[in-house]
Amino acid sequence: MRLRELGNTTLKTGSVGLGCMGMSWLYQESARDDARSVRVINEALDLGVNMLDTADLYGGGHNESLVGKAIAGRRDDALVATKFGIVLEDLQARSAHRDNSPGYLRSAVEASLRRLGVDVIDLYYVHRIDPAVPLADTWGAMADLVDQGKVRYLGLSEPTVGQAAEAHSIHPVTAVQSELSLWTRDALEGGPHSMVRWCEDVGASFVPFAPLGRGFLTGTLHSSQFEETDFRAASPRFHRSAMEANQRIVDVIREVADRRSATPAQVAIAWTLAQGERVVPIPGTKDPRYLRENVASADLVLTGQDLAELDALPAAQGSRY
């Protein structure tokens, strides 16, 4: 596994990380298997995938506990990234609200440390910015956690460039996490003023979540397969009409994959890696076979022709949420 720098820190991360959310909620909950997920996380660490991405929201803390169980005894092998700022009200209904207040932050970080079973969190994100709380107050309180030794580095999830710049003026932004894939390219919009370019300019990592389009870009999904509790069952982008309209995206990805003797998933991940040396995608999986497939994508270098065909793909039909 090739290594990339984590922001402007001394830490190194595998060029592909592991998104752990789906091990606990939102996708195919009937297939949840904690023992298998622990094995997958350990195999990821064995393969050099050290960035493990979780959040206190995922499964009402279950995902952090799962990650903590998996890394027990091999803490030094893992780069633990978690998030705070969305408070779960009802696990079954998935109702939640934002709270970025310093008071809530102080209780949230202690709870995350306990669930993860660690003394310090490597990368701590604001999960979503709360418009009711001044960002300066939130970020200043997070910087205090760094001074206290509870957190090493700080990140933002889905900020605007302006919000990231405001935070960075107070304390360095080590990473920005936002959705980026061949059917969600908002973070590239604006050219020199894009979120990805801002990260490059200040030396922060850009961490794309859902680089496989929540599974769509693998070319293996159909709308009738989603369970009622699966997030995608109610997502506009996964309605049958939208999936049919977006099939052209998968077709081109598959054409490139066939030409390169790769899988569509590997092409999709390799495309995100090609967006910059500070880009570290975090595809999620709870299947060892797909984990190995995702890891191998780090060795797939797309040609200029490949990138031109992929970059020319149309925008996806259907909103993200």
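This chain uses plain numbering: 1 for the first residue, then up along the sequence. Worth knowing before you read on, the calculation uses all heavy atoms, side chains too, and leaves out hydrogens, waters and symmetry mates. All of these numbers come straight from a predicted model, not from anything done at the bench.
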Query raised in the report: In Å, rounded to the nearest 0.5 Å, how long is the span from OH of Tyr27 to CE of Met21?
Result: 4.0 Å
Report summary line: When rounded to the nearest 0.5 Å, the distance separating OG of Ser181 from CZ of Arg320 is 9.0 Å
Query - Under 3.5 Å donor-acceptor, Ser297 side chain and Ile269 backbone - result: no
**Report entry** Atom of Arg248, atom of Leu313 and distance for their closest heavy-atom approach
**Finding:** O-CD2, 4.2 Å
Query raised in the report: Do Lys83 and Tyr58 get their side chains close enough for a donor-acceptor pair, meaning under 3.5 Å?
Result: yes
Query raised in the report: Backbone N or O of His62 within a donor-acceptor pair of the Arg115 side chain at under 3.5 Å?
Result: no
Query raised in the report: Would you say the side-chain atoms of Arg260 pair up with the backbone N or O of Val301, donor to acceptor, closer than 3.5 Å?
Result: yes
Query raised in the report: Quick one: do the Thr285 and Asp287 side chains pair a donor with an acceptor below 3.5 Å?
Result: no
Query raised in the report: To the nearest 0.5 Å, what is the distance between CZ (Arg4) and NZ (Lys12)?
Result: 11.5 Å
Query raised in the report: Between atom CG of Leu212 and atom CG of Asn294, what is the distance when rounded to the nearest 0.5 Å?
Result: 5.5 Å
Requested in this report: Count the heavy atoms belonging to other residues, nucleotides or ligands that lie under 6.0 Å from CG of Asp119, then report whether that count exceeds 12.
Outcome: no
Query raised in the report: Roughly how far, to the nearest 0.5 Å, is CG of Asn50 from CG of Asp77?
Result: 8.5 Å
Report task. Assess the side chains of Asp34 and Ser37: does a donor N or O sit below 3.5 Å from an acceptor N or O? Result -> no
Query raised in the report: Any side-chain heavy-atom pair from Ile71 and Val118 closer than 4.5 angstrom?
Result: yes
Query raised in the report: Are Glu64 and Arg114 close enough for a salt bridge, meaning some N to O gap below 4.0 Å?
Result: no
Query raised in the report: Would Leu11 and Tyr153 satisfy side-chain contact (heavy atoms from CB on, under 4.5 Å), going step by step from the backbone distance to the final call?
Result: CA-CA 10 Å; Leu11 296 183; Tyr153 302 106; 3.6 Å; yes
Query raised in the report: Hey, are Asp46 and Arg74 close enough for a salt bridge, meaning a charged N less than 4.0 Å from a carboxylate O?
Result: yes
Report task. Specify whether Trp198 and His168 have parallel, tilted or perpendicular ring planes, treating 30° as the upper limit for parallel and 60° as the lower limit for perpendicular. Result -> perpendicular
Report task. Salt-bridge test for Asp144 and Arg106: reply yes if a basic N is under 4.0 Å from a carboxylate O, no otherwise. Result -> no
Requested in this report: Mind telling me whether Phe216 and Trp183 have parallel, tilted or perpendicular rings, with 30° and 60° as the class edges?
Outcome: parallel
**Report entry** Lys/Arg-Asp/Glu bridge criterion (N-O < 4.0 Å) met for Glu179, Arg214
**Finding:** yes
Query - Between Asp311 and Trp271, a side-chain donor and acceptor under 3.5 Å - result: yes
Report task. Determine whether Glu166 and Trp139 make a side-chain contact, defined as any pair of heavy atoms from C-beta on separated by less than 4.5 Å. Result -> no
Query raised in the report: Any Lys/Arg nitrogen of Glu158 or Arg98 sitting under 4.0 Å from an Asp/Glu carboxylate oxygen of the other?
Result: no
Query - Polar side-chain atom of Lys286 near backbone of Gly22 as donor-acceptor pair, under 3.5 Å - result: yes
Requested in this report: Ignoring hydrogens and angles, state whether a donor on the side chain of Asn63 or Thr54 is under 3.5 Å from an acceptor on the partner side chain.
Outcome: yes
Report summary line: Smallest heavy-atom separation, Tyr125 atom then Val176 atom, equals CE2-C, 4.4 Å
Query raised in the report: Is it true that the side chains of Arg128 and Ser157 contain a donor and an acceptor less than 3.5 Å apart?
Result: yes
Query raised in the report: OG1 of Thr263 to CG of Leu217: how many Å apart, nearest 0.5 Å?
Result: 11.5 Å
Query raised in the report: Any donor and acceptor pair, going by atom type alone, linking the side chain of Arg289 with main-chain N or O of Arg292 inside 3.5 Å?
Result: no
